[in-house]
Engineer: 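Questions regarding the structure given below will be posed in turn.
Order of the sequence lines sets the chain letters (A, B, ...), proteins ahead of strands, with each chain counted from 1.
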Amino acid sequence: MIQRPRGTADRLPDVAPAWRLVSEAFQRQCELRGFSPISTPTIERTELFTRTTGDATDLAQKEMYSFQDRGGDSLTLRSEGTAPVVRAYVQNGLHNLPQPVKLYYITSIFRYDRPQAGRYREHHQIGAEALGDASPAVDAEVIDLLWSTYRALGISDLRLELNSLGDPDTRPAYRQALVDYFTPLADHLDSESRDRLTINPLRVLDSKNPAVADLGERAPRSLDFIGEPARTHFDALQGLLQALEIPFAINHRLVRGLDYYNRTVFEFVPPDAGSQSTVGGGGRYDYLAELIGADHVPGVGFGSGIERVLLNMERCGTSAVDSQSIEVYVAPLADGAVADAMRLTRQLRHTGITVECGFRGASPRSHLRRASRSQARAAVLIGAREMERGVVSLKPLDGAAQIEVPRADAVNCIQAVLTDES
RNA sequence: GUGGGCGUAGCUCAAUCGGUUAGAGCGUCUGGUUGUGGCCCAGAAGGCUGGGGGUUCAAGUCCCCUCGCUCACCCCA
């Protein structure tokens, strides 16, 4: 049998309430802050991702779903949320709107990787980007948005980790300092880290190999190399987070996996930090627009994996209830009654009642069993006896007595029964 | 890309040392009542034992390959 592609998931109805809870909570927090929804294509030109995330990143090197279309263009399934939004901002001239332009999205992300707990080839992210304003207050608002969303979902124990990578003019010096520090220690590094040392030295810092991580702790710190403007920015951000009473911790080893970040980077991680534990993260990317050939546009944003948010909700005991349920079940007792059953069903739905209609003439027993299982509060029976006399039988399913009502008054009577009970 | 564990009904699981027609619970459908639900009882449907090859008189069981799931590494959300 043809099965779903590896690392993808069918989302069945039983998980819909939890997903709805997440998306509605996030949308609510976005709207409270004046963020507007945006959606971009599932496919983008491959260069959009390679030029922004960085050639040396794992994402660009081995995780992209890329293909050639029939015209010969190389396209890639969205592997990351930020670059497409920046592209859309520039391409659609959103710099003509009052700045910053604040946008959010709920979308799927594709990365070719071995699936495991909390990691998929297609996963979903809630994300937000604020473009066109370099102020640290925007960083704070974006972090506040994500933090508030987690809180609204009952997740209150995530640790916010923070760091600053400075600006491009100070990056080479820091990079060189790391090379100078790690090179004599190369014997103590794993082969992966040795490779990174030449390609992308910053990445050595966030190795999870305990021995390497230990060396990383004593490595030169980004904050000692950043310039005065970045320092001022970072100090201001910390002050704002304190004013907003959002607890955070500085992590000198936090560098993030994508190359386009500058100044602020942050991650939310659970207290029992496993290996792929990051629930959400982001940062500032003031030079991303230039990487795709546009004018300078400062920006800051984040992405957070919905599947991981759900894992953390479960861990914190947040549960979602299914709000929609059938109120009335209409049961045709003979095939000749199906047409009128469907007509009554539509009349009821027209008044806003949630109705399920049995599709075949069958025994009352069979229909009522279905009605019970559907959680309906009342059943309406239409059989030969009812049709002869122009009535329907109305049976509350809580044990109250069954009554016959004129077909013409059926809708009103059913409404009355539903309101009496509630 | 690397390593471990696991694949039997829709779901959770049995099946002795390799030995008859692969079973049970839950779920589904039907009946127990010629027109009355939940509980109870009965019956039915539902399996290429993931797929292919091999060993054997005989394979769900042993061997090889393959696919899938899963956990971890790597990395990310």
Engineer: For the pair made of CD1 in A:I126 and P in B:A77, what is the distance, rounded to whole Å?
Structural biologist: 13 Å

Engineer: Within the structure shown, what part of the strands sits under 4.0 Å from A:A384 by heavy-atom distance: base, sugar-phosphate, or nothing?
Structural biologist: base

Engineer: Roughly how many Å apart are B:G51 and B:C67, using the P atom of each and rounding to a whole number?
Structural biologist: 15 Å

Engineer: Kindly say whether the aromatic ring centers of A:F35 and A:Y104 come within a distance under 6.0 Å.
Structural biologist: no

Engineer: Listing time: all N or O pairs from protein to nucleotides 38-47 of chain B that are below 3.5 Å?
Structural biologist:
residue: B:G38; atom: OP1; partner: A:R369; partner atom: NE; Å: 3.4
residue: B:G38; atom: N2; partner: A:L397; partner atom: O; Å: 3.3

Engineer: Is it true that A:Y285 and A:T52 share a donor-acceptor pair across their side chains at a distance under 3.5 Å?
Structural biologist: no

Engineer: Under 3.5 Å for both distances, Watson-Crick or G-U wobble, that's the pair rule; now give the dot-bracket for RNA chain B, with | marking pairs to another strand and [ ] for crossing ones.
Structural biologist: (((((((..((((.....[...)))).(((((.......))))).....(((((..]....))))))))))))....

Engineer: Considering every strand and a 4.0 Å limit on heavy-atom distances, what is the contact class for A:Q402: base, sugar-phosphate, or nothing?
Structural biologist: base

Engineer: OP1 or OP2 of B:A72 versus the side-chain N and O atoms of A:Q116: is any pair under 4.0 Å?
Structural biologist: yes

Engineer: What contact category does A:R121 fall into here, base, sugar-phosphate, or nothing, at under 4.0 angstrom with non-hydrogen atoms?
Structural biologist: nothing

Engineer: B:U36 C1' sits how many Å from A:I403 CD1, rounded?
Structural biologist: 15 Å

Engineer: With A:R78 as the cation and A:F110 as the aromatic partner, state whether NZ or CZ is under 6.0 Å from the six-membered ring centre and within 45° of the axis.
Structural biologist: no

Engineer: What does A:R256 touch in the nucleic acid at a heavy-atom separation under 4.0 angstrom: a base, only the sugar-phosphate, or nothing?
Structural biologist: sugar-phosphate

Engineer: Determine the contact category for A:I109: base if any of its heavy atoms lies under 4.0 Å from a base atom, sugar-phosphate if only primed atoms, P, OP1 or OP2 are that close, otherwise nothing.
Structural biologist: nothing

Engineer: Under 4.0 Å between any heavy atoms, over every strand shown, what does A:R385 touch: base, sugar-phosphate, or nothing? Just pick one.
Structural biologist: base

Engineer: May I ask you to verify if any side-chain N or O of A:R373 is less than 4.0 angstrom from the OP1 or OP2 atom of B:C29?
Structural biologist: yes

Engineer: Do A:E386 side-chain and B:G35 base share a donor-acceptor contact under 3.5 Å?
Structural biologist: yes

Engineer: Looking at A:S366, I'd like to know whether one of its side-chain N or O atoms comes within less than 4.0 Å of OP1 or OP2 on B:U30.
Structural biologist: yes

Engineer: Is A:R4 close enough to B:C69 that one of its side-chain N or O atoms is under 4.0 Å from OP1 or OP2 there?
Structural biologist: no

Engineer: Between the base of B:C71 and the side chain of A:R119, is one N or O donor paired with an acceptor at under 3.5 angstrom?
Structural biologist: no

Engineer: Using side-chain contact (heavy atoms from CB on, under 4.5 Å) as the criterion, point out the one residue from A:L48, A:L94, A:L288 that pairs with A:V86.
Structural biologist: A:L288

Engineer: Between the protein and nucleotides 3-5 of chain B, list every N/O to N/O distance that falls short of 3.5 Å.
Structural biologist:
residue: B:G3; atom: O6; partner: A:R114; partner atom: NH2; Å: 2.9

Engineer: Using the six-membered base ring of B:A77, report whether A:H123 stacks on it, requiring centroids under 5.5 Å and planes under 30° apart.
Structural biologist: yes

